[in-house]
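One structure is given below, encoded as structure tokens.
Bear in mind that the values here come from a model prediction, so they are computed numbers and not experimental data. As a basis for the values below, the full set of heavy atoms in this structure was taken, side chains included, without hydrogen atoms, waters or symmetry mates. Throughout, residue positions are numbered sequentially from 1 according to the sequence presented.
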Amino acid sequence: PEARKMSEKAVIYFPESEEFAYFIYTAALSSEKSNAPLAAMYWYNFFVQMYPKHELTAQAQSSYEKLKGIHTTNTKD
């Protein structure tokens, strides 16, 4: 939980940082690890949208899709 808080604060307070992509990815990963799947999905999706060609984009997309499959339901039957 502490890593999540720190990385989210870094995203807010240091948007011009060269490490911004890693702050976002760390927010996603730490959210997932601290059992906050909706926050993780938000951050993974944000990462993919912001950095479509980053070296971590494929992993972020995969993690997002995995969480989406587990934590969302189809209400149309």
Side-chain angles (χ1 to χ4, degrees):
E2 193 64 32
R4 177 181 169 201
K5 291 177 191 176
M6 289 175 57
S7 57
E8 288 176 350
K9 285 182 181 180
V11 169
I12 293 167
Y13 293 115
F14 305 108
E16 303 299 322
S17 173
E18 291 179 14
E19 303 299 322
F20 190 66
Y22 296 102
F23 298 157
I24 298 168
Y25 190 82
T26 301
L29 188 61
S30 59
S31 294
E32 184 177 3
K33 299 294 183 192
S34 65
N35 200 25
L38 297 180
M41 288 172 59
Y42 170 83
W43 288 118
Y44 282 131
N45 188 51
F46 186 66
F47 182 91
V48 170
Q49 298 303 311
M50 291 285 294
Y51 300 99
K53 297 188 183 295
H54 193 278
E55 63 185 358
L56 294 172
T57 299
Q59 180 60 43
Q61 183 68 44
S62 176
S63 295
Y64 172 79
E65 294 296 333
K66 178 188 74 171
L67 290 169
K68 184 178 173 185
I70 295 170
H71 296 286
T72 59
T73 58
N74 185 358
T75 57
K76 295 180 182 180
D77 286 327

Taking atom [atom1] of [X] and atom [atom2] of [Y], what is their separation to the nearest 0.5 Å?
| X | Y | atom1 | atom2 | value |
| --- | --- | --- | --- | --- |
| E19 | T26 | CD | OG1 | 9.5 Å |
| Y13 | M6 | OH | CE | 13.5 Å |
| M41 | H71 | CE | NE2 | 8.0 Å |

Looking only at heavy atoms, what is the nearest atom pair of A28 and A40, with distance?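 Looks like O-CB, 3.5 Å.
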Quick check against the 3.5 Å criterion: does S7 have a side-chain atom that pairs as donor or acceptor with the backbone of R4?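 Here the side-chain-to-backbone pair exists.
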Under 4.5 Å between side-chain heavy atoms, counting indirect links through other Ile/Leu/Val/Met/Phe/Trp/Tyr residues: same cluster for I12 and Y42 or not?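 Linked, I12 and Y42 end up in one cluster.
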Just by distance, with hydrogens left out, do E32 and W43 show a side-chain donor and acceptor under 3.5 Å apart?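 Checked: E32/W43 side chains show no N/O donor-acceptor pair below 3.5 Å.
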Solution key, residues 46-61 side-chain donor-acceptor pairs under 3.5 Å, sequence neighbours excluded:
residue	atom	partner	partner atom	Å
H54	ND1	L56	N	3.0
E55	OE2	Y22	OH	2.9
T57	OG1	Y51	O	2.3
T57	OG1	H54	N	3.2
T57	OG1	H54	O	3.2
Q59	NE2	S63	OG	3.2
Q61	NE2	E65	OE2	2.8

Side-chain heavy-atom pair [X], [Y] within 4.5 angstrom cut-off:
| X | Y | answer |
| --- | --- | --- |
| F20 | E16 | no |
| L29 | Y44 | yes |
| F14 | F23 | yes |

